[in-house]
Amino acid sequence: MDKQAEFVLRTVEERDIRFIRLWFTDVLGALKSVAIAPAELEGAFSEGIGFDGSAIEGFARVFESDMLAKPDAGTFSILPWREEGPGVARMFCDIQMPDGSPSFADPRHVLKRALTKAADMGFTFYTHPEVEFYLFKSEPDPGQEPVPVDRYGYFDNAPNGVAHDFRRQAITMLEAMGISVEFSHHEGGPGQQEIDLRYADALSTADNLMTFRLAIKEVALDQGIFASFMPKPFMQYPGSGMHTHLSLFEGDTNAFYEPGAQHQLSKIARAFLAGLLVHAPEITAVTNQWVNSYKRIAGGAEAPAWVCWGRHNRSALLRVPMYKPGKANSARIEYRAMDSAANPYLAFAVLLAAGLKGIEEGYELPPEAEDDVWALTPGERNALGMKPLPGSLNQAIMAMENSELVAEALGEHVFEFFLRNKRAEWEEYRQQVTQWELNRYLPSL
């Protein structure tokens, strides 16, 4: 048994932890959990905990259902929202087949495989997400409009506001679990919040995001309100994105930084950026995986709908944040399409795959977009060579199903299940008769 596992066993005994929750996600990013007693922990480390994989979205068919959840001791953390009663801790798991081989249906393994490819090329992949979400006074009943907790806007400082107290408690809870927070503030929509996590390696960030989403919902329930990461809950207000900063490091050196180069961007950074641009349409079904995701993309403002890049251009799909003198490690690329309801393991895997493809193939970076992309006419966009992102989940599915890059990044099993699930979602959605249709057509037709 390794030292991390020994540390966990010792901590569980010393802190009187009575329940250990083993976490993993299904292919769509839903968090799954099984609780074990301390007496079972040593066996879980050595052999894993068996479960029925056929009951998990996208994991296995009935005749190949036996799987093992093997906890990663390095992810051990005590859950701070369980202060009363016996102590509760959690660990993320790697999913294995009965013979000990990795399950190709495990999103965490998909990301690990992508990170291994990057490591073979000499790179470590870091990510830094800016997570947006809405707070509502209560969980709305079906058919009812959600009611935000306030009517404030971007960066507003609301005295004794619900949102202010919420963010303080949420950040305190996250930091108690070792998840560092960089910024937090009220976002542009009523009741909309943003909390930015500090940059970390992509696997740690993905684990942190899964913890983050649960912690946010737990704090909201504790305060008698409701939190949602739905990409676009209101037509008239901004959607909730997850702008994510990306960087590659070679050891301790930022591979994206080159002093004296244009915008201080290295050749590696420019090729990585070009890879993201070339492959953006085919990875969008993963970074924006829900029907509702495309209501945000179509909404204008700072939601990108066109494939282009710019330095200070927040209407562009990709932005190169301003270089901070003397801080070479701050050189990075910001991907602005992804929403906060994505499966972070799969999303980071396809973003990395697209960027690495640009490096491998030596893609050339096109000129940057300096104008507000939403203010341009279609003819002006065409003249600048801008292609649109998929405008619906159906368009995203069609772009993805022909993508060798996404198929390779996700693996055959996840790729096929993901497409099958998303096609079913689109078919169900397109049969719906919406309130908009009733309002527009029923009186006059």
Side-chain angles (χ1 to χ4, degrees), residues 29 31 79-83 127-142 144-200 205 208-245 288 290 292-293 295-297 299-303 314 334 336 338-342 344:
L31 187 64
L79 298 181
W81 57 81
R82 291 289 178 260
E83 295 177 352
T127 57
H128 158 68
E130 303 173 354
V131 194
E132 296 174 347
F133 56 94
Y134 272 88
L135 295 177
F136 303 112
K137 289 186 177 180
S138 62
E139 182 175 3
D141 293 327
Q144 285 191 333
E145 180 90 357
V147 180
V149 295
D150 60 45
R151 291 290 171 183
Y152 295 108
Y154 187 69
F155 265 41
D156 280 352
N157 183 27
N160 297 318
V162 172
H164 178 81
D165 291 340
F166 172 89
R167 292 195 302 271
R168 181 178 58 200
Q169 183 178 342
I171 292 167
T172 300
M173 184 173 290
L174 290 167
E175 291 184 338
M177 297 184 71
I179 299 174
S180 298
V181 172
E182 193 168 56
F183 300 113
S184 70
H185 58 85
H186 200 290
E187 251 301 331
Q192 190 181 30
Q193 316 299 314
E194 177 176 313
I195 297 178
D196 300 355
L197 302 186
R198 191 172 296 278
Y199 86 97
T205 304
N208 289 346
L209 282 168
M210 296 308 304
T211 306
F212 177 98
R213 293 202 293 224
L214 181 61
I216 291 299
K217 288 181 175 289
E218 290 278 357
V219 174
L221 289 171
D222 185 60
Q223 295 192 4
I225 56 179
F226 179 74
S228 177
F229 296 91
M230 182 178 177
K232 184 74 169 173
F234 299 108
M235 181 185 75
Q236 69 272 37
Y237 300 126
S240 292
M242 188 166 69
H243 303 157
T244 300
H245 299 251
N288 305 78
W290 309 104
N292 182 253
S293 299
K295 305 297 176 70
R296 168 180 166 258
I297 288 176
E302 293 188 5
R314 295 181 184 273
E334 180 187 19
R336 298 177 61 80
M338 182 159 46
D339 58 52
S340 51

Could you measure the distance from the [atom1] atom of [X] to the [atom2] atom of [Y]? Nearest 0.5 Å is fine.
| X | Y | atom1 | atom2 | answer |
| --- | --- | --- | --- | --- |
| I171 | I195 | CD1 | CD1 | 5.0 Å |
| L197 | L174 | CG | CG | 7.0 Å |
| I216 | T211 | CD1 | OG1 | 11.5 Å |
| D196 | H185 | CG | NE2 | 5.5 Å |
| L214 | L31 | CG | CG | 6.0 Å |
| T127 | L209 | OG1 | CG | 7.5 Å |

Any donor and acceptor pair, going by atom type alone, linking the side chain of [X] with main-chain N or O of [Y] inside 3.5 Å?
| X | Y | value |
| --- | --- | --- |
| R336 | G241 | no |
| H128 | A200 | no |
| Q193 | G191 | yes |

Testing the basics here: between [X] and [Y], what is the closest heavy-atom pair and its distance to 0.1 Å?
| X | Y | result |
| --- | --- | --- |
| S240 | D339 | O-CB, 3.5 Å |
| G29 | M210 | O-CE, 3.1 Å |
| V181 | R198 | O-NH2, 4.1 Å |
| P148 | P190 | CB-O, 3.2 Å |
| V131 | M242 | CG2-SD, 4.0 Å |
| V219 | A170 | CG2-CA, 4.0 Å |

Set of side-chain hydrogen bond (donor to acceptor under 3.5 Å, both in side chains) partners for Q223, sequence neighbours left out: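 Applying side-chain hydrogen bond (donor to acceptor under 3.5 Å, both in side chains) to Q223 gives Q169.
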
For K137, is the NZ atom crowded, meaning more than 12 foreign heavy atoms sit under 6.0 Å from it?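 Atom NZ in K137 is not crowded, with 12 or fewer foreign heavy atoms closer than 6.0 Å.
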
Could you give the side-chain donor-acceptor pairs of residues 225-234 under 3.5 Å, partners two or more places apart or in another chain?
unit_1: S228; atom_1: OG; unit_2: M230; atom_2: N; d: 3.1
unit_1: K232; atom_1: NZ; unit_2: Y237; atom_2: O; d: 2.6

My understanding is that only residues two or more places apart in sequence, or in another chain, count here; which of them pass salt bridge (charged side-chain N to carboxylate O under 4.0 Å, His left out) with E130?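 Checked E130 against salt bridge (charged side-chain N to carboxylate O under 4.0 Å, His left out); zero matches.
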
Which class fits the ring pair Y152 and H186: parallel under 30°, tilted 30 to 60°, perpendicular over 60°?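 Because their plane-to-plane angle is over 60°, the rings of Y152 and H186 count as perpendicular.
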
